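This is a predicted model, so every value here is computed, not measured.
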Amino acid sequence: MVALTLALVVGATVVSALARRLGVPSPIALVIAGIVVGLVPGLPGYQLDPELVLFGFLPPLLYAEALDTSLRDLRTNLRSITLLSVGLVLASTIAVGYLAHALVPGLPLAAGFVLGAIVAPPDALAAAAIANRVGLPRRVVTVLEGESLLNDATALVAYRIAIAAVATGLFSYGAAVLQFLLVSVIGVGFGLAVGFLVVHVRRRIEDPLTENTVSLVTPFAAYLGAETLHGSGVLAVVVTGLVVARAAPLIVSSTTRLQGQAVWEMIAYLLQGVVFALIGLQLRQILAGLHGHSAVELALYAGAVTLTLIVVRIVWVFPTVYLPRLLFPRIRARDPYPPWQAAAILSWAGLRGVVSLAAAFAIPLTAGGAPFPGRDLILFLTFAVIVATLVLQGLTLPWVSRRLRIAGMDDDLPALEQASAEHTTARLALMRLDQIVAKGALPGDVELRLRRDLEERARKAHAMLGPGADDEHLPELVEGAVTAAATYAEARRELLRVEREEAVRLWQRGEIGAEALQALQRRLDLEEQQIL
C-alpha cells in the first residue's frame, strides 16, 4: 500500500506537470489518467477510503483555502455565496432526489435524496483551478471560492439526514431543518473556539517551526472536535481558518509566514493531484459492483442526473443574481446589476469532485437490516456526474469565457490598492529615513542605497495612481529606536518595520484588501530575509 501511495503521488505530479505544459486543466487530466490506469488489466486496484478523504484530505484543503480568503470580499458577496452554498445545494438535492425516485424503478425517495446530497455541491478545487487559469473576473472567482468553502457542509448535513431517513423510513422537513441548524451552530461555534485558541497560542510562540507545526495540526483538530460533538467539521475548519487568517498579519513573523506559505502550497498541490487521480482510479471498482442495469439505462440515468444539476444551477443563479436587486432598491444602489456574462459563467462552473465520490463510498452497506437500496447505482451515477461535469463543463469553460468576452470585465481594484499601499509605505519609510539621517553618522552610501530603492518604488506607484496620490494623508511618525550609528541592516529593518505596520494599518481600516496586503507583506518578508 505504501508503494502504491508513493506511485500515486509521483504519477499525479507527472501528469499535473504535463497538463500544465499542454495547457489542459490538471484536474481533468488527472481524472482521465486515473481512468486509463484503472482499466489496465493486471494492475492492482486502489480503493478509495472515504475516511481518508473526509478527514485526511478535506480539512487541510479547506483550511488552506480559508487562509487565503479575504473576509472583506466574503462579506461583500455573502448574499450570493449563501444563496449558492445553502439554497442551491438544497434545491439540487431535492431536484435530483425526486428525479431519481421517478426515473429508477424501486428506488426510494430517501435514497434519491442521498444521491442528490452527494452530487449537489460543486468542487472547490476543480472550479478554482480552472477559473484562475481562464482568468475569470475576480468577483466571480471570489463567489466560486466562497461557495465551495461552505457548500460541502450543507451537502454533508443533508447527506446524513437522508441516510438516517433511509435507515428509519421516516423523514420530516421540520426535523431536517432543525438538525441542519443545530449541526451548523455547533460547527461554527467550535470553529470560533479553536480559532481564537490557536491565535492565543501562536501569539506566544516565537519558533517558526513550532508555529507552523501548530498550523498543520489546526484543521484536523477543528474537524475532529466538531464531528465528535456531532457538528459540522467542514464549517469548523472554515471558521477556524478565517479567524486565524484575520489575526495572522498581526501575530506571524516574516520567517513563519514564508515557511508556512511554502508548506501549505506544497500540501495543497500534492493533495489536489492525488485527489483527482483517485477519482479516476475508482472506475474499475464501481463497474465491478454494478449489476442489474443495462448500458442504455445507465447512460439515461447518468445523463438525466447531470442535465438536472446543470439546469438547476442555471435556473437558480440568474434569479438570485438579479431578483434581490430588482426587488430591493437599497441592494441595487449599493451593488448595481452585474453583467449577464458574469452570471452565465458562474452558472456554468458547477464542477463536481472528490467529496461527492467519498460521500458515495461512505454509504453504509445496509440500512435498517436490509441492503442499502441502490447503493451501487448511486456510486456509478456519482462517478458519472463527476466525470461529465469535469470534462463537459471543465473543458468548455475557457471556450465559454472567450465567447462571453468576460476576461476583460475584471476591475483593477487589487492592483490599485497595492499601488496605493506601496506609495504610502514608501513615503513613510522615506520620512523615517530622514529621521535616521538627521541623527547623523549614517554612511552616505548606505543612505543613498536605501533612499534610491524607496524613491523608485514610490515613483512606480505614483505613475499608476496619478497626481491624486500626493493628496493622501500620512500618519505622524514617532521617533524610532534606531541610533545615530545605525548600520545598513539596522536601518533597513527599521524601515521594513515602518512599512509593515503601515500596511497592516491600511488593511485594518479597510483601505486595502487581503490580496494587496499579502502581496506587500510577501515582498517585505523576502527583503527582510535577505538582510545579512
Side-chain angles (χ1 to χ4, degrees), residues 12 16 19 24-32 34-35 48 50 52-54 56-66 68-69 81 84-86 88-89 92-93 96 115-134 136 140-156 158-159 234 237-238 268-269 271-282 305-306 309-310 312-313 317 345-362 381-397:
S16 296
V24 178
S26 57
I28 299 173
L30 286 163
V31 170
I32 294 175
I35 292 174
L48 181 68
L52 175 63
V53 174
L54 296 178
F57 289 171
L58 188 58
L61 289 174
L62 285 175
Y63 187 71
E65 188 176 350
D68 287 334
T69 298
I81 291 171
L84 290 173
S85 61
V86 179
L88 178 56
V89 168
S92 299
T93 299
V96 171
L115 172 63
I118 288 172
V119 298
D123 182 76
L125 310 178
I130 296 175
N132 290 322
R133 175 178 172 270
V134 171
L136 298 183
V140 172
V141 176
T142 298
V143 173
L144 284 173
E145 292 178 344
E147 174 193 7
S148 65
L149 278 174
L150 303 174
N151 62 11
D152 288 335
T154 305
L156 291 175
Y159 166 81
V234 171
V237 171
V238 171
Y269 176 78
L271 290 184
Q272 289 173 18
V274 171
V275 157
F276 286 107
L278 277 173
I279 293 175
L281 289 173
Q282 305 312 302
V305 172
T306 303
L309 290 169
I310 293 174
V312 168
R313 186 174 180 89
V317 165
I345 202 72
L346 186 64
S347 68
W348 192 246
L351 289 67
R352 271 62 184 178
V354 72
V355 174
S356 295
L357 196 60
F361 272 102
L381 292 177
T382 302
F383 182 87
V385 166
I386 293 171
V387 174
T389 55
L390 278 176
V391 175
L392 173 63
Q393 295 179 286
L395 288 179
T396 58
L397 196 59

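With contacts defined as side-chain heavy-atom distances shorter than 4.5 Å, the pair Ile35/Phe383 qualifies. At a threshold of 4.5 Å between non-hydrogen side-chain atoms, the residues Ser148 and Pro122 do not count as touching. Ser356 has its side chain out of reach of Val385: every pair of non-hydrogen atoms, C-beta onward, lies at least 4.5 Å apart. Between Glu145 and Asp68, every side-chain heavy-atom pair lies at or beyond the 4.5 Å cut-off. Between Ser92 and Val119, every side-chain heavy-atom pair lies at or beyond the 4.5 Å cut-off. Proximity of Thr154 to Val234: side-chain heavy atoms (C-beta onward) are nowhere separated by under 4.5 Å.
In this structure, Thr382 OG1 and Gln282 CD are separated by 12.0 Å, a value rounded to the nearest 0.5 Å. Taken to the nearest 0.5 Å, the CG atom of Leu62 stands 10.0 Å off from the OG1 atom of Thr69. Considering CD1 of Ile28 and CG of Leu351, their distance stands at 7.0 Å, rounded to 0.5 Å. Distance check: Ile118 CD1 to Leu156 CG gives 9.5 Å after rounding to the nearest 0.5 Å. Summarising the geometry, atom CD1 belonging to Ile32 is positioned 12.0 Å from atom CD1 belonging to Ile279; distances are rounded to the nearest 0.5 Å. To the nearest 0.5 Å, atoms CG (Leu88) and CG (Asn151) are separated by 8.5 Å.
Under the side-chain contact (heavy atoms from CB on, under 4.5 Å) criterion, Thr93 pairs with Val89, Ala117, Ala120, sequence neighbours left out. Applying the side-chain contact (heavy atoms from CB on, under 4.5 Å) test to Ala388 and every residue at least two apart in sequence or in another chain returns Thr306. Considering only residues two or more places apart in sequence or on other chains, Tyr63 meets the ring pair (Phe, Tyr, Trp, His ring centres under 6.0 Å) condition with Trp264.
A pairwise comparison of heavy atoms in Ala155 and Pro121 identifies CB-CG, 3.4 Å as the closest pair. Smallest separation of non-hydrogen atoms from Ala362 and Tyr159: C-OH, 3.3 Å. When all heavy atoms of Trp348 and Gln393 are compared, the closest pair comes out as O-NE2, 3.1 Å. Summarising the geometry of Ala358 relative to Pro50, their closest heavy-atom pair is O-CB, 3.4 Å, with the distance given to 0.1 Å. Heavy-atom minimum distance, Val238 versus Leu149: CG2-O, 3.2 Å. Residues Arg352 and Thr389 come closest through the heavy atom pair N-OG1, 3.2 Å.
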| said: I'd like to know whether Val317 forms a side chain to side chain contact (heavy atoms under 4.5 Å, CB included) with Leu84, so could you lay out the CA-CA distance, the side-chain angles of the two residues, the decisive distance to 0.1 Å, and finally the verdict. | reply: CA-CA 8 Å; Val317 165; Leu84 290 173; 3.9 Å; yes
